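Below is one structure; the comments refer to it alone.
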2 protein chains.
Amino acid sequence: MTAARRETPRERYRTQLRAEIKEHAWEQIATAGAPGLSLNAIAKQMGMSGPALYRYFSSRDELITELIRDAYRDLADTVRAAAAGGADLAGLGRALRTWALTDPQRYFLIYGTPIPGYHAPDDVTQTASLIMECLLDAARSSGRDVADDDPVRAHLAAHRQWAGDHPADAATLHRALLFWSRLHGILSLELAGHFTGMGLDPAELFASELRALTR
Amino acid sequence: MTAARRETPRERYRTQLRAEIKEHAWEQIATAGAPGLSLNAIAKQMGMSGPALYRYFSSRDELITELIRDAYRDLADTVRAAAAGGADLAGLGRALRTWALTDPQRYFLIYGTPIPGYHAPDDVTQTASLIMECLLDAARSSGRDVADDDPVRAHLAAHRQWAGDHPADAATLHRALLFWSRLHGILSLELAGHFTGMGLDPAELFASELRALTR
DNA sequence: CGCTTCTGTTAGAAGTTATAACCGCGCGAT
DNA sequence: ATCGCGCGGTTATAACTTCTAACAGAAGCG
């Protein structure tokens, strides 16, 4: 068994309070976005005074990084749960959309406007490749192929390091990539409200792209 | 001729200084993103002290709103210039991509993470429909149709208010919409750096989607 | 039981946006 | 040509923010 010496009460308390802080942070992000997140406001909500939070997160950036990490992990868990439940590529797409709709700002924390200076830590790219692995698995057993004569196939076959050691042919790589970019395109526009004034239903567009992908 | 009484020197100075402020603001946004924009820093750069800028922009939000407006207009001008130059749908796509790559943060100001409270003023939606008009024009004379049996066509035919009074059939509406969402999908991922660690060339993906759209 | 370490406090520095009060120059009208 | 209003700039100040420093108290561990 793992060398887990019984965790001390202090450690318990510490992780518990960290979680509580993140809980309040998510509330704030959901209502005011990431730039509106204020450590002071969180502390006030929790009934303690400002600098106390620095015992748990060394800076505001570290808190946000942790939130991004959690968001990524949660997305990966969601996708993997759907895949484990026997979902095909379309099922993964629907799972992705419902996950994004439940908390748009959480989605934008991952796929939204990047902060110029910021660089994601290694483990989130690891989580990203976990997601990609699921996509590739599901993309293997999808419908018939389209655009198999596209020159990009050669490029994908040549540069497949992002797929790790996944045994997927160029068509599968292509489909997974299109799944990702196309669904993100619609989702991102929908969540940002770019469809609202147009009078059409984003769900229809999303479903349509999903059909085109799995046809 | 327009009732433009000779503009006073003060008005000249005012508009000139407003432009200068926006110039510095764009620099800051390009290097630190929108949330990193600081009125104080701009004032310092211009050699004047903080609150002076409030003579020209009533608040930081108003400045950003103005920048968004300008960005939208610039995008619309770019697209329309390409269309006026005889560009087809693929040409518009390439123009869009180069425009986005020249200043990613400017692109994200339009299509990036939305600020929860913020609502775009009317004239930007007007500019948006200007862009869409160009897209619809170009989408009319594109290659043969794909997926003409998709159920979304009925939905598009029924909800076509976003196309204004443009005489486009459902296939054209569909193609313009796919053009928008798919290219935005790739562009957004590319600009946010989600392709960097993967070792593949976003330009190839973009070109491939463009081919699929205009095939 | 005592020592150490961890947690929370207040104080304060260096920023930010934004408002208020004030001063002087220049434009426009007379 | 000159007078006066208004505009543009300034400083001072308030209310925020993140974050550091110094300190007090409590809780855990040997």
Side-chain angles (χ1 to χ4, degrees), chain A residues 3-29 31-68 109 115-118, chain B residues 3-29 31-68 109 115-118:
Chain A
R5 84 193 177 300
R6 187 138 194 80
E7 67 174 354
T8 72
R10 280 214 166 131
E11 284 171 343
R12 288 180 78 87
Y13 181 74
R14 188 174 181 75
T15 61
Q16 201 272 344
L17 202 50
R18 269 178 73 101
E20 199 166 329
I21 292 171
K22 290 200 273 189
E23 205 65 32
H24 288 272
W26 278 120
E27 277 178 38
Q28 276 197 19
I29 283 187
T31 63
L37 185 148
S38 157
L39 290 191
N40 256 341
I42 293 177
K44 201 159 296 181
Q45 275 189 356
M46 297 179 64
M48 52 195 217
S49 229
L53 298 194
Y54 287 82
R55 299 288 178 195
Y56 302 94
F57 295 94
S58 69
S59 72
R60 199 189 99 110
D61 273 11
E62 197 202 287
L63 173 56
I64 291 187
T65 297
E66 188 70 20
L67 294 177
I68 293 177
L109 217 52
I115 300 162
Y118 182 79
Chain B
R5 81 193 180 303
R6 188 138 194 80
E7 67 174 354
T8 72
R10 283 218 166 129
E11 282 171 343
R12 288 180 80 86
Y13 183 72
R14 187 170 182 76
T15 61
Q16 202 272 344
L17 202 50
R18 269 178 74 100
E20 200 167 328
I21 292 172
K22 290 201 273 189
E23 205 63 32
H24 287 272
W26 278 120
E27 275 178 40
Q28 275 198 16
I29 283 187
T31 63
L37 187 148
S38 156
L39 290 191
N40 255 343
I42 293 177
K44 201 160 294 181
Q45 274 190 355
M46 297 179 63
M48 54 194 214
S49 230
L53 298 195
Y54 286 81
R55 300 286 179 197
Y56 302 93
F57 295 94
S58 69
S59 74
R60 201 188 96 111
D61 273 11
E62 197 202 286
L63 172 57
I64 291 187
T65 298
E66 189 70 20
L67 294 177
I68 294 177
L109 218 51
I115 302 164
Y118 183 78

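The structure presented is a predicted model; accordingly, all values stated were derived computationally and were not measured. In what follows, every chain begins at residue 1, and chains take the letters A, B, ... in the order their sequences are listed.
- Residue Arg10(B) contributes atom CZ, which lies 5 Å from atom C1' of dG26(C) at whole-angstrom precision.
- Atom C1' of nucleotide dC27(C) and atom CD of Glu7(B) are separated by 14 Å, given to the nearest angstrom.
- Rounded to whole Å, atom C1' of dG15(C) lies 16 Å from atom CD1 of Ile42(B).
- Nearest heavy atom pair, residue Leu63(A) against residue Lys22(A), reads CD1-CG, 4.1 Å.
- In plain terms, the two heavy atoms of Ser49(A) and Ala43(A) that are nearest each other are C-CB, 4.1 Å.
- Two residues are said to be in side-chain contact when any heavy atoms from C-beta on lie closer than 4.5 Å; Trp26(A) and Leu109(A) meet this criterion.
- As judged by a 4.0 angstrom heavy-atom cut-off over every strand, Phe57(B) is placed among residues making no nucleic acid contact.
- Checked against dC19(D), dC29(D), dT7(C), the side chain of Thr8(A) finds its nearest nucleotide in dC29(D).
- Nearest nucleotide to the Ser59(B) side chain, out of dA18(C), dA11(C), dC7(D): dA18(C).
- Rounded to whole angstrom, the span from the OH atom of Tyr13(A) across to the P atom of dT5(C) amounts to 20 Å.
- In this entry the distance linking CG of Leu39(A) with C1' of dC19(D) reads 9 Å, nearest Å.
- Within the 4.0 Å cut-off from OP1 or OP2 of dT18(D), at least one side-chain nitrogen or oxygen of Ser38(A) is found.
- Considering only side-chain atoms of Arg14(B), the nucleotide from dT16(C), dA18(C), dG8(D) that sits closest is dG8(D).
- Contact annotation: Asn40(B) side-chain N/O to dT17(C) OP1/OP2 distance is under 4.0 Å.
- Here dT17(C) presents its C1' atom at 14 Å from CD of Glu62(B), a figure rounded to the nearest Å.
- Contact annotation for Leu17(A): backbone-only contact, meaning every heavy-atom pair under 4.0 Å involves sugar-phosphate atoms and none involves a base.
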(Q) Does Tyr54(A) form a side-chain contact (heavy atoms from CB on, under 4.5 Å) with Leu39(A)? I'd like the steps, not just the answer. (A) CA-CA 9 Å; Tyr54(A) 287 82; Leu39(A) 290 191; 3.5 Å; yes
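- For the OP1/OP2 pair of dT10(C) and a distance below 4.0 Å, the side-chain nitrogens and oxygens of Ser49(A) include at least one atom meeting the criterion.
- Listed nucleotides dT10(D), dT17(C), dG8(D) differ in distance to Arg60(B); the shortest reach to its side chain belongs to dT17(C).
- Using a 4.5 Å heavy-atom threshold, the side chains of His24(B) and Glu20(B) count as touching.
- Taking atom CD of residue Glu20(A) and atom P of nucleotide dT7(C), one finds them 15 Å apart after rounding to whole Å.
- The distance between atom CD of Glu11(A) and atom P of dG28(D), rounded to the nearest whole Å, is 13 Å.
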